[in-house]
Trainee: 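To start, I am sharing the structure in question, which I have written as structure tokens.
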Amino acid sequence: MASMALQLLGFSVALIGFIGTIVATVLPHWWRTAHVGTNIITAVAYMKGLWMECVWHSTGIYQCQVHQSQLALPRDLQVARAMMVASCVLSVLASVVSVFGMKCTQCAKGSSSKRMIAAFGGTFFALAGLMCLIPVAWSTNDVVQDFYNPGLPYGMKYEIGQALYVGFISGGLSVIGGIMILSTSCQRDNTPLPYTPQRRYPRKAPTSRSQPVNKSNHVPSWSSASRHGYHLNDFV
């Protein structure tokens with residue numbers, strides 16, 4: 001029962017990580033304008049994501065434009081998009097496989113392959129989390145290096161966007177949930193076998209047997225013969 005609850009908790013954690021991965025993939029807040037130097041007071045803020053670039057004006061106008069050319073994008077951005085999409089697809093596959101292999105479901109119940117199916121689901125969740133963490137960490141490293149680059153103008157410096165924080169949290173939750181599912185699926189069930197009482201057959205009543213009469217072969221004594229009315233004179 002404890003392993004079943006832990007497995008269900010791991011699936012819930014991994015599912016939350018999967019939802020966060022989708023949010024981090026769609027949001028355009030991967031890079032945002034750094035308000036440093038002469039760029040402290042500005043009426044325009046720029047934000048860049050995997051799929052679009054957005055501009056926020058101080059008047060409240062918010063405009064976004066999707067990347068027109070896929071081949072004109074930087075190589076690191078193309079790789080990040082591919083890995084995030086692959087992470088989402090792998091999370092979907094992990095969710096379906098984990099549902100079939102979890103102990104709380106009736107799918108393939110009693111089958112020896114149920115634990116193996118759950119192990120595959122946990123592995124897929126962990127791999128999906130790692131594929132989400134790699135581009136997020138890569139993009140964060142690029143942002144930090146460009147920010148502390150003295151040769152780069154202040155107007156071209158960016159800060160870490162909210163989507164990167166969401167990506168870090170989501171990837172970590174997916175990895176943790178996958179490890180929990182994998183660890184519980186590798187544990188053997190120690191549930192005791194059901195007790196089957198032994199059948200007691202009624203005992204048969206012993207049959208009474210008549211004791212055989214042992215006939216004595218001894219000759220009756222004179223006293224017993226005289227007691228029963230026998231006299232010696234009758235035999236002479």
Side-chain angles (χ1 to χ4, degrees), residues 9-34 45-56 62-102 117-149 152 156-182:
L9 178 62
F11 179 76
S12 303
V13 171
L15 194 61
I16 295 174
F18 167 47
I19 297 174
T21 302
I22 296 177
V23 173
T25 305
V26 175
L27 282 180
H29 300 80
W30 282 56
W31 300 273
R32 60 187 180 90
T33 305
Y46 295 94
M47 287 158 287
K48 295 173 59 178
L50 298 178
W51 311 97
M52 63 186 71
E53 295 183 1
C54 298
V55 180
W56 178 83
Y62 197 83
Q63 297 177 339
C64 293
Q65 182 179 4
V66 182
H67 298 302
Q68 299 297 329
S69 177
Q70 304 298 328
L71 299 178
L73 295 175
R75 185 61 57 87
D76 56 348
L77 186 59
Q78 294 180 8
V79 174
R81 293 172 69 170
M83 295 191 70
M84 292 299 292
V85 172
S87 176
C88 294
V89 173
L90 198 58
S91 296
V92 173
L93 180 62
S95 301
V96 176
V97 174
S98 298
V99 167
F100 282 98
M102 291 179 64
I117 295 174
F120 277 118
T123 305
F124 290 158
F125 267 125
L127 291 177
L130 290 177
M131 294 186 69
C132 175
L133 289 175
I134 291 174
V136 169
W138 190 355
S139 301
T140 304
N141 182 52
D142 292 342
V143 171
V144 173
Q145 286 185 353
D146 293 341
F147 185 84
Y148 289 107
N149 186 6
L152 197 65
M156 298 181 62
K157 291 185 178 181
Y158 289 91
E159 290 184 358
I160 301 173
Q162 294 89 342
L164 293 179
Y165 294 108
V166 176
F168 274 116
I169 297 174
S170 304
L173 291 178
S174 297
V175 172
I176 293 173
I179 292 175
M180 292 173 66
I181 297 175
L182 184 61

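Note that these values count all heavy atoms, side chains included, but never hydrogens, waters or copies made by symmetry. Small disclaimer: the values here were computed from a predicted structure and weren't measured.
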Trainee: Can you label the angle between the F11 ring and the F125 ring as parallel, tilted or perpendicular, going by 30° and 60°?
Mentor: perpendicular
Trainee: Just how far is it from atom CH2 of W56 to atom OG1 of T33, taken to the nearest 0.5 Å?
Mentor: 11.0 Å
Trainee: Which atom names give the shortest non-hydrogen contact between L77 and G49, and what distance separates them?
Mentor: CD1-O, 4.1 Å
Trainee: Who passes side-chain hydrogen bond (donor to acceptor under 3.5 Å, both in side chains) against Q78, sequence neighbours left out?
Mentor: none
Trainee: Check whether R32 reaches the backbone of I160 with its side chain - one donor and one acceptor, N or O, closer than 3.5 Å.
Mentor: yes
Trainee: Taking atom CG of L173 and atom OG of S12, what is their separation to the nearest 0.5 Å?
Mentor: 11.5 Å
Trainee: Taking all non-hydrogen atoms of both residues into account, name the closest pair between G172 and L133 and its distance.
Mentor: N-CD2, 4.0 Å
Trainee: Which heavy atom of S174 sits nearest to which heavy atom of G129, and what is that distance?
Mentor: CB-CA, 3.7 Å
Trainee: How far apart are the C-alpha atoms of L73 and H67, what are their side-chain angles, what is the distance that settles it, and do they pass the side chain to side chain contact (heavy atoms under 4.5 Å, CB included) test?
Mentor: CA-CA 8 Å; L73 295 175; H67 298 302; 3.7 Å; yes
Trainee: Does a side-chain heavy-atom distance below 4.5 Å link K157 with D146?
Mentor: no
Trainee: Please check if the side chain of S98 supplies one atom and the backbone of A118 the other of a donor-acceptor pair under 3.5 Å.
Mentor: no
Trainee: Are any non-hydrogen side-chain atoms of S95 and L15 less than 4.5 angstrom apart?
Mentor: yes
Trainee: Write down the atom of L164, the atom of S139, and the distance for their closest heavy-atom approach.
Mentor: CD2-CB, 4.1 Å
Trainee: Starting at OG1 of T123, measure out to CD1 of I179 and round the result to the nearest 0.5 Å.
Mentor: 10.0 Å
Trainee: Specify the closest pair of heavy atoms between F124 and L93, including all atoms of both residues, with the distance to one decimal.
Mentor: CE1-CD2, 4.0 Å
Trainee: Checking the side chain of S87 only, and the main-chain atoms of M83 only, is there a donor and an acceptor separated by less than 3.5 Å?
Mentor: no
Trainee: Can you name the residues that form a disulfide bond (SG atoms under 2.5 Å apart) with C88, not counting sequence neighbours?
Mentor: none
Trainee: Any heavy-atom pair between the side chains of L50 and M84 that's under 4.5 Å?
Mentor: yes
Trainee: Might you confirm whether atom CZ of F168 has over 12 heavy atoms from other residues, nucleotides or ligands at distances under 6.0 Å?
Mentor: yes
Trainee: Check whether any side-chain N or O of K48 sits under 3.5 Å from a backbone N or O of E53 as a donor-acceptor pair, and report yes or no.
Mentor: no
Trainee: What is the minimum heavy-atom distance between A94 and G121, and which atoms define it?
Mentor: CB-O, 3.6 Å
Trainee: For the atom pair CD1 (I176) and CG (L9), what is the distance rounded to the nearest 0.5 Å?
Mentor: 10.5 Å
Trainee: For a side-chain contact (heavy atoms from CB on, under 4.5 Å) with W30, tell me which candidate from T140, T25, V143, V136 qualifies.
Mentor: V136
Trainee: I'd like to know whether CZ of F120 has more than 12 heavy-atom contacts from other residues, nucleotides or ligands below 6.0 angstrom.
Mentor: no
Trainee: With a sphere of 6.0 Å drawn around OH of Y148, does it hold more than 12 non-hydrogen atoms of other residues, nucleotides or ligands?
Mentor: no
Trainee: From H29 NE2 over to Y165 OH, what is the distance, rounded to the nearest 0.5 angstrom?
Mentor: 13.5 Å
